[in-house]
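Working notes, beginning with the structure itself.
Read the numbers this way: they start at 1 and go in the same order the structure lists the ligands and their atoms.
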Amino acid sequence: MNQESSSGLECPKPGWFQAPSGNERTWIGMAVIWCLILSVMMPYWHFRGKQNSTGEAYRVKPADFVKRVEAFVKVNTGEESLVEDGIAPVVPAPPGEVYLLAKQFFWFPVLKLRSGETYRLHISSADVQHGFSLLPMNMNFQIVPGYDHVLTIKPQAPGTYHIVCNEFCGIGHQQMVGKIIVE
Ligand code: CUA
């Protein structure tokens, strides 16, 4: 076979390969060991690293989710719809399904939950993608319209927890705060 190609490039001569040795061998070894460590750490940290729960997610039309939130608020307060208000806290009876709506630019409603009780918290968006960040806990979730994100939560300590939107969602993004009260 002709070893000279038309472009002038030459094929390497047979027997060109030499096993790495010395420093090159050490560096390749370190890189392989580090790859193995990271490969083990990924599943390990998923289960043991106290990561945010992945929760559950179900498809839902944004308009239907808004209706569910309104129904939830009505059952628990007797009010028709407070979507434009967002101030009066809703006190759902535990254990149960609890709803939280993200909308430009508020979280609705304010929830009042009982410490030590278990709730299934449904969160979704009426419009665009928002970020649910619960302070001072380090809890962060992406809230995507069209999906009902369900988190099973059990509040442990009484207090007022603030919800901050941590995904840029428009001109009023920085005002998008909400509240969960635990008593
Ligand atoms: Cu909602 Cu930023």
Side-chain angles (χ1 to χ4, degrees), residues 42 45-183:
M42 280 190 283
W45 210 243
H46 177 78
F47 291 108
R48 304 302 298 274
K50 292 189 177 165
Q51 298 292 291
N52 281 278
S53 159
T54 43
E56 307 157 47
Y58 304 95
R59 279 198 177 271
V60 64
K61 286 194 188 125
D64 291 344
F65 190 82
V66 171
K67 280 187 201 139
R68 286 182 207 172
V69 175
E70 287 176 342
F72 161 76
V73 169
K74 191 178 175 186
V75 165
N76 289 285
T77 64
E79 300 288 334
E80 273 298 329
S81 170
L82 296 169
V83 167
E84 297 308 319
D85 175 354
I87 291 166
V90 173
V91 192
E97 314 289 316
V98 172
Y99 287 82
L100 182 67
L101 177 71
K103 195 166 187 274
Q104 287 169 321
F105 299 97
F106 57 83
W107 298 91
F108 175 81
V110 172
L111 295 167
K112 197 183 264 191
L113 307 178
R114 255 185 252 158
S115 174
E117 301 282 359
T118 302
Y119 301 87
R120 275 166 61 80
L121 176 61
H122 297 251
I123 316 176
S124 191
S125 165
D127 37 44
V128 300
Q129 185 167 347
H130 299 277
F132 173 91
S133 179
L134 190 64
L135 305 177
M137 320 280 293
N138 183 20
M139 278 179 72
N140 295 282
F141 297 97
Q142 290 293 308
I143 306 304
V144 182
Y147 286 93
D148 176 5
H149 304 266
V150 187
L151 301 170
T152 301
I153 57 165
K154 189 175 181 181
Q156 301 289 341
T160 299
Y161 298 84
H162 294 278
I163 308 166
V164 173
C165 181
N166 63 5
E167 181 69 46
F168 183 75
C169 55
I171 202 77
H173 158 72
Q174 76 283 353
Q175 300 159 10
M176 188 169 165
V177 290
K179 223 192 284 186
I180 295 179
I181 301 160
V182 176
E183 54 175 20

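Atom 1 (Cu) of ligand 1 has His130 ND1, Cys165 SG, Cys169 SG, Met176 SD as protein N, O or S atoms under 2.8 Å away.
The side-chain heavy atoms of Gln174 and Phe105, taken from C-beta on, include no pair separated by under 4.5 Å.
Rounding to the nearest 0.5 Å gives a distance of 9.0 Å between CG of Asn166 and CD1 of Ile143.
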Donor-acceptor list for residues 150-165 side chains, cut-off 3.5 Å, not counting sequence neighbours:
unit_1, atom_1, unit_2, atom_2, d
Gln156, NE2, Lys154, O, 3.3
Tyr161, OH, Ala157, O, 2.5

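Evaluation of the side chain to side chain contact (heavy atoms under 4.5 Å, CB included) rule for Glu183 yields Lys112 as partners, not counting sequence neighbours. Annotation: salt bridge (charged side-chain N to carboxylate O under 4.0 Å, His left out) contacts of Arg68 (sequence neighbours excluded): Asp148.
Partner of Glu167 under the side-chain hydrogen bond (donor to acceptor under 3.5 Å, both in side chains) criterion, chosen from Gln142, His130, His173: Gln142.
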